[in-house]
Amino acid sequence: MPMDLYQLLRTCTSTRRLRSLHALLIISGRIHDVFFPTTLINLYSRLSDLRSAALSFSRTPNKNIFSFNSIIATYIHHGLPLDAGYCFKSLLLAGPRVRPDEFTFPVALKASLDLKYGKAMHSLVGKLGLGWNVFVSSSLMRMYSRFGAVRDAEKVFVEMPERDSGAWNAMVSGFCQNGMADDAVRIFSEMVTEGVRVDRITIASVLPVCAPLDDFLLGVSIHVFTIKQGLDVELFVSNALIDMYAKLGSVESARQVFDDMLDRDLVTWNSIIGAYEQSGNPRTALQLHSEMQRSGVQSDVLTLVSLASAVAESGTVRSGQSVHAYITRRGWEADDIIAGNAIVDMYAKLGKVELAQRMFDKMPVRDVISWNTLLTGYSQNGLANEAIEIYETMEQHEGITPIQGTLVSVLPAYSHVGALQKGMRIHGQAIRIGLHSDLYVGTCLIDMYAKCGRLNEAIVLFEQEVPRASSGPWNAIIAGYGIHGHGEQALSIFTQMEQERVKPDNVTFVSLLSACSHAGLVDGGQRYFQVMQSKYGIRPAVKHYACMVDLLGRAGHLDAAYGFIRTMPIEPDSGVWGALLGACRVHGNVELGALASKFLFEIDPENVGYYVLLSNMYAKAGKWDGVNDVRSLARRRHLQKTPGWSSIEVNNKVNVFFTGNQSHPQYEDICKEMVILLAKMKSLGYVPDYSFVLQDVEEDEKEHILSNHSERLAITFGIMNTTPKTPIQIFKNLRVCGDCHNATKFISRITEREIIVRDSNRFHHFKDGNCSCRDYW
DNA sequence: GTAGGGTTAG
């Protein structure tokens, strides 16, 4: 009996057994039974034996539509749309006896690789009169949605003679996948009001739009709805709920759903691990991963990507390397670009930029995110010049267009080194790709213009371009006024911010307090330190305390500053003591300076800047024992001075000078020019101040050291390479040395140049032998 | 003997 044979075939669990039964069918001649070829294709397909399936198909003498449908489905299910498309074409050429039917299209449509092909399929459906079938029409809708043609999908939906839940679902997910969240929700509500049966697929399709809409209430009401319908027990639904709650910021609700689940699959675990990782609980994420392993669920590449992010936030380089090794072992780093990017990001966040770079170099394919990740890695590890280099290399690679994140990463690097012309080029780029009014890009542009000395451009952007409903742009412009010494304007911007009801955050007050400090507005600073707490409920962080110490100290209230530190409810850090030490240096209070140094040498013993400051103070006061003590302490601790560097942008090229670095091609010429300048300066009364030389060397060597300071090299280079009497703008990574500060005053007078120096602290505008800077050295 | 769909990442 043939039925017995079919049943026997269906019980095959190995392709070997199936093949021997197949041979038996051929020998016995039973293979000519019309049902066998199709059954065999389907069974081989189920056992993933594509070769045998294809062979059965090609050996079928009179192929009927069942055989065609099965072989097409086989290829689609095994991810081979090209082969499926080929079979579909041969079906069309097979003659009038076999034609595609309503079973063919739902599968065959998945083989369409572009909209044009899909539209041809649609017109074929019309010619064959198959549009009445819900499966066919829903599949057409999915095809259109896949290529972004949601309106065409909607047309099919509207014109369908009858619609089942699947058709409605196709409409909901079509809108969702094309980012049309409002329409998706609209269709979903229509479904409910028209009494169409909502199933787990509807829910799993519509839940992901709650997060982009930022609509927590919608999410909760859908959740309630699923409970009423008894759909909350469905795995897909629960998984989507976890993700929805996590993305809307409620990890607790996500956890509640997770805890209530009876079955969990890989997606469940990935979602909850991702939820904790994204919400700043990397440790919990790592714990959950161990729990997942204990419950016997195998990780996939998505798990590892979340794990890499969690390790980046809280892990060690060791655990980072084991995540990396796991990904390599599974072969994911070669064929998953996201996994590669995650590793680059992880190493960069762990401070291992070399390892990040090595991973980046190894990646076979890179996208714009890969470049962004590496760029941000350099930038956030303080390697602005390297970040810039990466950006410029990226620009030379065709086919990579910068996105928001690219500009947001590269602009601070340009701000950092004071590369105005390059920054302006990015501004142009932002305009071209329509991102110049973007909140984040705009904020970075404001910051860039302010830090590159163009406060006016920053103001224009703030006033006219950038959306100002959130604190970011306000913080940037307040800080901009601050570093340029315009404290009053910074305060008035803050007043305006309050009037426009924009909520200030902790960054706002850091900017505001430091603006007060630079401008000597002691009362204002103290008032806003109170306002921050009483009116806005922001508890001062250590950064705010450092600003206050700076504010009091700079203004000469050294004892008040010290008293303020004594009453701090939190542990003062190096920023706080450093502010006090800096103030002591300015006002010549050696004892208090020594006290501050004592703390600094404990908290931050590697930072050589503090040793330099203290030594300078002793030198200025003529306390040579003190100088020697500090120097030998620094030597004992094997401290090397942070390499100081200055940069100047000439003809769109950034020239970087390191202190004492003689490798610049024009070094010889710069030295000659410097000798001439120095003679003129001395004739006008310039006397080198050797207290700024930490090295223990002879006097004439000291003069050589001072004139090899990076800022001096950069300024001289600028004088030689720019039009006479035009302004010169320099950037220095550390604070400008006091002797260079004095020297620059003379240089500005001799060369009749305006010289603008931005150092790690503020702007100095030198003009006619004076400096705008309120601090004295 | 054959058909459609949904959730997670850098």
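Keep in mind that what you see is a predicted model, and the values were worked out from it rather than measured. We name chains A, B, ... by the order of the sequence lines, and we start the count at 1 in each one.
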Is [X] touching bases, backbone alone, or none of the nucleic acid, heavy atoms closer than 4.0 Å?
X	result
A:Gly166	base
A:Glu234	nothing
A:Asp345	sugar-phosphate
A:Asn133	base
A:Thr268	nothing
A:Val34	base
A:Asp300	nothing
A:Lys247	sugar-phosphate

Starting the side chain at C-beta, find the nucleotide from [options] nearest to [X].
X	options	result
A:Ile338	B:dT2, B:dA9, B:dG6	B:dA9
A:Phe135	B:dT8, B:dG5, B:dG4	B:dG4
A:Val267	B:dT2, B:dG1, B:dT8	B:dT8
A:Arg200	B:dA3, B:dG5, B:dG6	B:dG6
A:Val107	B:dG1, B:dG4, B:dT7	B:dG4
A:Asn42	B:dG4, B:dT8, B:dG1	B:dG1
A:Asn270	B:dT2, B:dT8, B:dG4	B:dT8
A:Gln177	B:dG1, B:dG4, B:dT7	B:dT7
A:Ser205	B:dT2, B:dG6, B:dA3	B:dG6
A:Ala73	B:dA9, B:dG6, B:dA3	B:dA3

Provide, to the nearest angstrom, the distance between the [atom1] atom belonging to [X] and the [atom2] atom belonging to [N].
X	N	atom1	atom2	value
A:Phe105	B:dA3	CZ	P	15 Å
A:Lys110	B:dT2	NZ	C1'	14 Å
A:Ile201	B:dG5	CD1	C1'	5 Å
A:Asp336	B:dT8	CG	C1'	13 Å
A:Arg146	B:dG4	CZ	P	13 Å
A:Phe57	B:dT2	CZ	P	17 Å
A:Ile272	B:dA9	CD1	P	13 Å
A:Tyr44	B:dT2	OH	P	18 Å

Can you find a donor-acceptor pair, distance only, under 3.5 Å between A:Ser138 side chain and B:dG4 base?
yes

Suppose we call a contact any N or O donor and acceptor under 3.5 Å apart; does that hold for the side chain of A:Asp164 and the base of B:dG5?
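No.
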
Okay, side chain of [X], backbone of [Y]: is any donor-acceptor separation there less than 3.5 Å?
X	Y	result
A:Ser306	A:Ile273	no
A:Thr60	A:Lys63	no
A:Arg146	A:Leu115	no

A:His223 ring center within less than 6.0 Å of A:Tyr245 ring center
yes

Ring of A:Phe236 versus six-membered ring of B:dG6: centres under 5.5 Å and planes under 30°?
yes

So is the aromatic ring of A:Phe66 stacked onto the base of B:dT2, judging by whether the centres are under 5.5 Å apart and the planes are under 30° apart?
no

Testing the basics here: between A:Asp265 and A:Leu235, what is the closest heavy-atom pair and its distance to 0.1 Å?
OD2-CD2, 3.4 Å

So, are A:Glu252 and A:Arg255 salt-bridged, with charged N and O less than 4.0 Å apart?
no

More than 12 heavy atoms from other groups under 6.0 Å of OH on A:Tyr86
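No, the 6.0 Å shell around OH holds no more than 12 heavy atoms from other groups.
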
I want to check one thing: is the phosphate of B:dG4, taken as OP1 and OP2, less than 4.0 Å away from some side-chain N or O of A:His77?
yes

